[in-house]
J.: 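This is the structure I want to talk about, given as structure tokens.
Atoms within a ligand are numbered from 1 in the order they appear, just like the ligands themselves.
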Amino acid sequence: MAAGEGTLRVDKHGMGFVVLTRGADHAATVYEHGAHVTSWVCGGEERLFMSAKAVWKPPKALRGGVPVCWPQFGDLGPCKAQHGFARNTKWTYVADASSETAAVFTLAHDPADPLQQDWPHPFQLRLEVSLQARGELRHRLTVDNTGPVAFEFTTALHTYFRTPDLPGTEVQGLRGLTYKDSLDGRAEKVDDEPAVTFGQEVDRIYLGVPPRVEMTGFTVHQEEGFADAIVWNPWVDKAKRMSDYGDEEYKQHICVESARCQTPVQLEPNSTWVGQQLLSIPPQHEGGGIGCVVS
Ligand code: TA6
């Protein structure tokens, strides 16, 4: 398929989406709503979690996949809405900039959109989602300040990784880092464990993470712009409080989210910020995800 031939389809909910493919067993699905990746199949296996109770009705954000949190992560910004409005808004699919393996979406400032009522600053977002050669999924988020005054934002790519074995799942390489514990009033603590494990609710903002964060079955590469990472699993009680989430679904995923939280991005007029992450699946290893070798 030549560049620009990406086809936008419409699902049973009337929501537009595109399917990216690379080789016989590597694919991803991205929705216009939120420019939201809802599926990443590698080696014939689904690698992301989507809740069976997700609400496929805008403006509700889809539960699972890779929500785009902008212009804020959580409550770290001026928006009343948790995680800002980008994940609740229909982006524009740019077919001419897309291909079989990559999809481009844009979102521009719309003062008339009630979802953007808390945000007065002109902006343009561009998200490129692409399948890379070796079983890798890349997100490249570009933020342009198209207005006359500087603004700041926080952001996160809120990835829900499928974890068939939660008790055997861990996130490595964060020992010694400071994190804000969202379960304890965002108190700052130092991680002194060999790895982050999931025998209870975990909701932490790790500050200044290494460029590669290893977890069971995946590697999160922060290639540009990001600096922090949120690690989250809702566990039993919070799972029950989320209406678009099954009571037992906490057993099926963890979130490891490339983010900019500790130091918000300061964007001058007519300037651009880029955040880029690459998700990869390490070669097949004992107890982890299935390796994904794609032609
Ligand atoms: O990323 C962790 C977190 O901030 C948790 O506190 C939890 O609220 C999660 O995001 C999901 O947020 P949502 O608004 O999608 O329910």
Side-chain angles (χ1 to χ4, degrees), residues 31 33-38 48-89 115 118-119 139 141 153-163 166 169 171 174 177 179-189 191 196-198 200-207 209 213 215 218 220 222 226-262 264 275 277 279:
Y31 270 74
H33 182 54
H36 196 130
V37 173
T38 59
L48 301 180
F49 165 83
M50 282 298 294
S51 173
K53 297 182 72 177
V55 175
W56 299 78
K57 188 176 186 308
K60 177 74 176 167
L62 298 171
R63 176 69 65 191
V66 187
V68 177
C69 301
W70 195 88
Q72 66 194 50
F73 167 78
D75 59 359
L76 301 176
C79 299
K80 296 185 189 66
Q82 159 106 320
H83 297 325
F85 53 79
R87 65 174 184 161
N88 306 94
T89 308
L115 291 172
D118 304 329
W119 185 261
H139 275 70
L141 175 64
F153 64 88
T154 61
T155 185
L157 297 175
H158 197 298
T159 308
Y160 288 70
F161 293 96
R162 278 190 74 241
T163 57
L166 185 66
T169 297
V171 180
L174 303 180
L177 293 185
Y179 65 88
K180 292 178 181 287
D181 188 346
S182 297
L183 303 178
D184 185 12
R186 294 268 171 77
E188 289 204 0
K189 303 175 180 178
D191 184 332
V196 183
T197 55
F198 301 89
Q200 60 193 2
E201 184 176 359
V202 174
D203 195 348
R204 301 175 180 177
I205 303 170
Y206 280 87
L207 310 179
V209 300
V213 177
M215 57 178 281
F218 302 91
V220 180
Q222 294 194 353
F226 297 113
D228 311 309
I230 293 93
V231 178
W232 177 58
N233 180 281
W235 203 244
V236 176
D237 294 342
K238 184 150 192 176
K240 289 177 180 169
R241 297 198 298 269
M242 295 191 288
S243 60
D244 61 339
Y245 187 88
D247 289 355
E248 299 291 310
E249 288 188 326
Y250 70 91
K251 298 174 181 175
Q252 300 176 27
H253 77 91
I254 65 170
C255 290
V256 178
E257 309 159 31
S258 298
R260 252 319 262 277
C261 294
Q262 176 72 343
Q277 81 164 10
L279 307 180

J.: What orientation do Tyr179 and Tyr206 show, parallel under 30°, tilted 30 to 60°, or perpendicular over 60°?
T.: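 Because their plane-to-plane angle lies in the 30° to 60° range, the rings of Tyr179 and Tyr206 count as tilted.
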J.: Give me the ring orientation class for Trp70 and Phe85: parallel if the planes are under 30° apart, tilted from 30 to 60°, perpendicular past 60°.
T.: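 Correct class here is perpendicular.
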J.: By the salt bridge (Lys or Arg N to Asp or Glu O under 4.0 Å) test, which pairs, at least two apart or in different chains, include something from residues 227-243?
T.: none
J.: Within a radius of less than 6.0 Å around NZ of Lys57, do more than 12 heavy atoms belonging to other residues, nucleotides or ligands occur?
T.: no
J.: Look up atom NZ in Lys60 and atom CG in Asn88, then write down how far apart they are to the nearest 0.5 Å.
T.: 8.5 Å
J.: Between His83 and His158, what is the ring plane arrangement, given parallel below 30°, perpendicular above 60°, and tilted in between?
T.: perpendicular
J.: Quick check on ligand 1: any N or O pairs to the protein under 3.5 Å? One line per pair.
T.:
unit_1: ligand 1; atom_1: 1 (O); unit_2: His158; atom_2: NE2; d: 2.9
unit_1: ligand 1; atom_1: 1 (O); unit_2: Glu257; atom_2: OE1; d: 3.1
unit_1: ligand 1; atom_1: 1 (O); unit_2: Glu257; atom_2: OE2; d: 2.8
unit_1: ligand 1; atom_1: 6 (O); unit_2: Asp203; atom_2: OD2; d: 2.6
unit_1: ligand 1; atom_1: 8 (O); unit_2: Gln82; atom_2: NE2; d: 3.0
unit_1: ligand 1; atom_1: 8 (O); unit_2: Lys238; atom_2: NZ; d: 3.3
unit_1: ligand 1; atom_1: 10 (O); unit_2: His83; atom_2: NE2; d: 3.1
unit_1: ligand 1; atom_1: 10 (O); unit_2: His158; atom_2: NE2; d: 3.1
unit_1: ligand 1; atom_1: 12 (O); unit_2: Gln82; atom_2: NE2; d: 3.3
unit_1: ligand 1; atom_1: 12 (O); unit_2: His83; atom_2: NE2; d: 3.3
unit_1: ligand 1; atom_1: 14 (O); unit_2: Gln82; atom_2: NE2; d: 3.4
unit_1: ligand 1; atom_1: 14 (O); unit_2: Arg87; atom_2: NH2; d: 2.9
unit_1: ligand 1; atom_1: 15 (O); unit_2: Arg63; atom_2: NH1; d: 3.0
unit_1: ligand 1; atom_1: 15 (O); unit_2: Arg87; atom_2: NH1; d: 2.8
unit_1: ligand 1; atom_1: 16 (O); unit_2: Arg63; atom_2: NH1; d: 3.2
unit_1: ligand 1; atom_1: 16 (O); unit_2: Arg63; atom_2: NH2; d: 2.9

